[in-house]
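A quick write-up on the structure given underneath.
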Amino acid sequence: MINRPKGTNDIYGEEIEYWQSFEKAARKVAGVFGFQEIRTPIFEMAELFIRSVGDETDIVQKEMYTFEDKAHRLLCLRPEGTAPVVRSFIENNMASDGLPKQVYYMGPMFRYERPQAGRQRQFHQFGAELIGSSSPLADAEMIWMSIFLLEELRLHRYTLQVNMLGCQNDREAYKAALKEHYRDKLDAICPDCRRRYETNALRLLDCKVEGCQTIKEGAPILTDFLCPECQNHKRQVSQILAQYNIDATWNPRLVRGLDYYTGIVFEVKYPFKETVFDLLGGGRYDQVIEQLGGSATPSVGFACGIERMVATMREEKAIEEPASLCQVFVLSIGEEAKRESLKITDFLRKRGISVQHDLMGRNIRNQLKYADKQRALYTIIIGEDELDKGVYLVKEMDTGDQIEVESFWVENYILEKLAAL
RNA sequence: GUGGUUAUAGCUCAGCGGGUAGAGCGUCUGACUGUGGAUCAGAAUGUCGUGGGUUCAAAUCCCACUAGCCACCCCA
């Protein structure tokens with residue numbers, strides 16, 4: 001017996017219905033905002049992520065599925081979606097199509113880590129990238145789209161957090177001040193924080209260890225280090241969001257795990273059972289395209305975890321019941337009846353009706369049981385009596401009523417009935 | 001990578017003072033010889049997660065491994 005690899009999942013049956021419902025909504029929202037789908041490879045050169053996501057990040061340090069191919073190229077399964085899109089943007093010279101370039105993607109991502117609630121090794125993301133605009137309108141557009149998606153999915157209990165990380169100068173100045181604040185307190189903070197102090201000072205703000213909280217409280221605030229330009233940008237984003245009636249909480253301590261974020265970043269949190277999911281996150285990444293060898297092009301994007309979305313949708317009962325698996329079941333008894341049933345099945349299927357017939361050689365009773373289990377709306381019953389009389393029985397499953405219909409008319413009768421629903 | 005916890009039928013679980021498996025649900029069949037959803041009856045399906053140890057004897061006790069779940073780290 002071979003089991004699926006750790007941290008992976010089979011998605012089928014009822015579960016897949018919910019996924020498809022999400023995907024449909026996501027595509028709709030993307031379309032409404034003028035985004036076109038892009039499909040990039042599932043594996044890329046490992047270098048792509050090391051250079052964009054950042055070699056200090058956990059993703060690169062310990063979570064990448066890297067492997068060598070037979071020509072000794074160092075490849076990896078993609079851990080996130082933005083870098084491949086940027087790579088493709090540059091490689092295919094999409095800038096020449098005119099800017100902004102607006103694309104969305106949906107598919108599996110891979111990170112080697114311990115699975116738990118809302119976290120798998122193979123997980124799925126829906127994401128969108130708006131490439132080419134530095135305007136606050138572009139930041140607001142992506143936040144708007146995120147919220148639009150949540151609303152479309154009828155998930156209303158979200159909280160949106162936004163932060164302005166500032167430009168490079170602002171961040172350097174802030175980081176210096178932050179380190180200054182922590183310098184004489186290194187003995188008092190947790191080991192993780194001591195490490196962060198050296199490698200990525202901004203993430204000191206992420207620490208949840210109790211002993212570090214008071215020190216964090218007294219730390220300088222990023223907002224105070226923003227240059228006039230960044231302050232202005234932040235103000236404009238805030239105004240535009242207000243105009244869209246989007247309720248955003250500005251959190252100066254919000255920092256994100258990927259190194260490439262600059263300027264505006266945002267996250268959506270959502271209560272899920274005992275915990276809180278980070279449903280979705282995004283932000284501006286103005287330097288990435290240049291870092292990857294393109295010409296400097298400002299960009300914003302976001303991504304959401306589909307597993308978490310689907311779990312939340314189910315928890316909120318925000319999805320309709322999956323549709324019935326067949327609209328019509330054609331029941332037959334005997335060989336001649338079977339031949340007739342195949343004709344009707346074919347006719348109806350060619351008109352887009354979902355039809356099933358007996359493939360198991362079951363008796364009438366068990367065929368009806370099966371039809372019921374498939375949630376059929378109508379069952380057409382064909383037996384010897386019907387063949388003799390030239391009429392078939394049409395049974396409406398939820399009422400149990402059945403009437404005789406002239407055999408030549410039965411398909412049209414069904415079409416009329418279904419059209420009237 | 002660290003810590004906690006669990007693993008018995010397709011699913012949910014009982015059996016754990018050792019004596020080679022059971023319930024409910026589901027599936028299939030029948031009662032109803034041509035009528036589903038209700039009821040009743042019957043049937044099928046298990047290397048009791050894997051490997052080792054203790055023992056005359058292990059689902060049960062011990063150890064290791066693997067996997068699930070949960071938390072930390074981090075993230076979607």
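Chain naming here is simple, since letters A, B, ... match the order of the sequence lines and numbering starts at 1 in each. Quick caveat, the model's predicted, so the values are computed rather than measured.
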Just the rounded figure in Å: distance from [atom2] of [N] to [atom1] of [X].
| X | N | atom1 | atom2 | answer |
| --- | --- | --- | --- | --- |
| A/Lys373 | B/G10 | NZ | C1' | 12 Å |
| A/Asp278 | B/C72 | CG | P | 11 Å |
| A/Glu14 | B/C11 | CD | C1' | 13 Å |
| A/Asn3 | B/G49 | CG | P | 13 Å |
| A/Leu153 | B/A76 | CG | C1' | 15 Å |
| A/Lys269 | B/A76 | NZ | P | 10 Å |
| A/Lys338 | B/G34 | NZ | C1' | 16 Å |
| A/Lys395 | B/G37 | NZ | P | 10 Å |

Is there a Watson-Crick or G-U wobble partner for [N] with both distances under 3.5 Å, and if so, which one is it?
| N | value |
| --- | --- |
| B/G18 | none |
| B/U50 | B/A64 |
| B/A71 | B/U2 |
| B/G37 | none |
| B/C28 | B/G42 |

Side chain of [X] (C-beta onward), nearest among [options]:
| X | options | answer |
| --- | --- | --- |
| A/Ala117 | B/G34, B/C70, B/G36 | B/C70 |
| A/Asp385 | B/G34, B/A76, B/G30 | B/G34 |
| A/Asp372 | B/G37, B/C28, B/C69 | B/G37 |
| A/Met397 | B/A67, B/G36, B/A76 | B/G36 |
| A/Arg119 | B/U35, B/C72, B/G30 | B/C72 |

Counting the atoms with a prime plus P, OP1 and OP2 as sugar-phosphate, which does [X] contact under 4.0 Å by heavy atoms, base, sugar-phosphate, or nothing?
| X | result |
| --- | --- |
| A/Lys62 | base |
| A/Arg362 | sugar-phosphate |
| A/Gln367 | nothing |
| A/Leu258 | sugar-phosphate |
| A/Ile381 | base |
| A/Glu80 | nothing |
| A/Gln402 | base |
| A/Leu279 | sugar-phosphate |
| A/Arg111 | base |
| A/Gly7 | sugar-phosphate |
| A/Gly400 | base |

Using the [atom1] atom as the point on both nucleotides, what is the distance between [M] and [N], in whole Å?
| N | M | atom1 | answer |
| --- | --- | --- | --- |
| B/C25 | B/A9 | C1' | 12 Å |
| B/A59 | B/G53 | P | 15 Å |
| B/A64 | B/C72 | P | 26 Å |
| B/U60 | B/A7 | C1' | 14 Å |
| B/U45 | B/U27 | C1' | 10 Å |
| B/C56 | B/U50 | P | 24 Å |
| B/G46 | B/G15 | C1' | 15 Å |
| B/G26 | B/C13 | C1' | 14 Å |

Within the structure, does a side-chain N or O atom of [X] lie under 4.0 Å from either OP1 or OP2 of [N]?
| X | N | answer |
| --- | --- | --- |
| A/Lys6 | B/U66 | no |
| A/Gln116 | B/A71 | yes |
| A/Asn363 | B/G30 | yes |
| A/Asn366 | B/G30 | yes |

What I want to find out is whether [X] reaches [Y] closely enough, with some N-O distance under 4.0 Å, to be called a salt bridge.
| X | Y | value |
| --- | --- | --- |
| A/Glu336 | A/Lys338 | no |
| A/Arg314 | A/Glu15 | yes |
| A/Lys389 | A/Asp385 | no |
| A/Glu152 | A/Lys28 | yes |

Inset, instruction - Could you pick out which residue, A/Asp401 or A/Gly118, lies toward the 5' side of RNA chain B when each is mapped onto its nearest nucleotide? - result: A/Asp401

Inset, instruction - Report the residue (A/Ile306 or A/Tyr370) whose heavy-atom-nearest nucleotide on RNA chain B is the more 5′ of the two. - result: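 Mapping each residue to its closest nucleotide by heavy atoms, the 5'-most match is A/Tyr370.
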
Inset, instruction - Could you tell me whether the side chain of A/Glu267 has a donor or acceptor atom within less than 3.5 Å of a complementary atom in the base of B/A76? - result: no

Legend entry - Donor-acceptor pair (no angle test) under 3.5 Å: A/Arg114 side chain, B/G3 base: yes

Inset, instruction - Please confirm whether A/Phe277 and A/Tyr270 have ring centers closer than 6.0 angstrom. - result: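 No; A/Tyr270 has its ring centre 6.0 Å or more from that of A/Phe277.
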
Legend entry - Check: A/Phe33 ring centre within less than 6.0 Å of A/Phe148 ring centre: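 Ring centres of A/Phe148 and A/Phe33 closer than 6.0 Å.
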
Inset, instruction - Give a yes or no answer on whether the side chain of A/Glu80 reaches the backbone of A/Ala83 with a donor-acceptor pair at less than 3.5 Å. - result: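 Looks like yes, one N/O pair under 3.5 Å.
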
Inset, instruction - Could you tell me whether the side chain of A/Asp372 and the main chain of A/Leu368 form a donor-acceptor pair under 3.5 Å? - result: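 Pair absent, no side-chain N/O of A/Asp372 close to backbone of A/Leu368.
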
Inset, instruction - Using the salt bridge (Lys or Arg N to Asp or Glu O under 4.0 Å) rule, take A/Arg73 and A/Glu68 through it: C-alpha gap first, then chi angles, then the decisive distance, then the call. - result: CA-CA 5 Å; A/Arg73 282 178 282 249; A/Glu68 234 181 53; over 6 Å; no

Legend entry - A/Phe277 over B/A76, stacked by centroid distance under 5.5 Å, angle under 30°: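 The ring of A/Phe277 is not stacked on B/A76.
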
